[in-house]
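A quick write-up on the structure given underneath.
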Amino acid sequence: QVQLVESGGGLVQAGGSLRLSCAASRRTFSTRTMGWFRQAPGKEREFVAAISWSGVSTYYADSVKGRFTISRDNAKNTVDLEMNSLKPEDTAVYYCAASAAVYGPVETYEYDYWGQGTQVTVSS
């Protein structure tokens with residue numbers, strides 16, 4: 001069992017920045033692809049970014065490419081999402097997730113552990 005706890009959400013003005021962090025409970029974290037998803041009210045949960053177990057490969061949704069950066073620290077069992085140039089449409093609950101897949105999973109069903117989510121609100 002891998003437990004994931006997100007932090008760092010909040011309210012920010014458009015154009016601002018936030019850094020989300022996800023802490024994992026087990027050392028097996030270092031063998032898993034980690035991802036960030038988000039879900040806005042009335043919408044389906046969507047892929048944001050993912051990072052391979054080694055940190056070498058990263059994957060981004062087109063909507064955040066160039067603005068968001070995913071990173072991980074396997075020694076600390078953490079994965080971060082640096083979000084810059086935030087837009088009102090980035091407003092959502094952001095979830096951290098862990099996957100056993102190694103090829104850049106982007107679908108929710110490819111992830112088997114999820115955090116409880118952290119709210120990000122971007123005001124215009």
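What you find for Asn84 and Ser17 is that their closest heavy atoms are OD1-OG, 2.8 Å. Between Phe29 and Ala24, the shortest heavy-atom contact is CD1-CB, 3.4 Å. Closest approach of Ala14 to Ser124, counting heavy atoms only: CB-CA, 4.4 Å. In terms of heavy-atom proximity, Gly35 sits nearest to Tyr111 at N-CE2, 3.7 Å.
Atom-to-atom distance recorded for Gln39:CD and Gln119:CD is 11.0 Å, nearest 0.5 angstrom. In this structure, CE in Met34 is found 9.5 Å from OG1 in Thr78, a value given to the nearest 0.5 Å. How far OG of Ser52 is from CZ of Arg32: 14.5 Å, rounded to the nearest 0.5 Å. Residue Met83 holds its CE atom at 11.5 Å from CD1 of Ile70, rounded to the nearest 0.5 Å. For the atom pair Leu20 CG and Arg38 CZ, the distance stands at 11.0 Å (nearest 0.5 Å). The line from CG of Asp73 to OG of Ser30 is 11.0 Å long, rounded to the nearest 0.5 Å.
Listed for the Thr33 side chain is a donor-acceptor partner under 3.5 Å among the backbone atoms of Ala101. No donor-acceptor pair under 3.5 Å is formed between the side chain of Arg72 and the backbone N or O of Gly55. A donor-acceptor pair under 3.5 Å is formed between the side chain of Ser25 and the backbone N or O of Gln3. For the pair Glu6 (side chain) and Cys96 (backbone), a donor-acceptor distance under 3.5 Å is present.
A donor and an acceptor atom, one from each side chain of Ser21 and Asp80, are located under 3.5 Å apart.
Enclosure of atom NZ in Lys43 is not indicated, since only 12 or fewer non-hydrogen atoms of other residues, nucleotides or ligands lie within 6.0 angstrom. The neighbour count for Gln116 CD, taken as heavy atoms of other residues, nucleotides or ligands under 6.0 Å away, is above 12.
For Glu89, the side chain to side chain donor-acceptor pair (under 3.5 Å) test picks out no residue, with sequence neighbours left out.
Partner Ile51 forms a side chain to side chain contact (heavy atoms under 4.5 Å, CB included) with one of Leu81, Val79, Thr69 and no other, that one being Val79.
If you chain together ILVMFWY residues whose side-chain heavy atoms come under 4.5 Å of each other, Tyr103 ends up in a group of its own.
Applying the ring pair (Phe, Tyr, Trp, His ring centres under 6.0 Å) test to pairs two or more places apart or on separate chains, those with a residue in residues 44-100 are Phe37-Phe47.
The existence of a salt bridge linking Lys87 and Asp90 is excluded, since no basic side-chain nitrogen approaches an acidic carboxylate oxygen closer than 4.0 Å.
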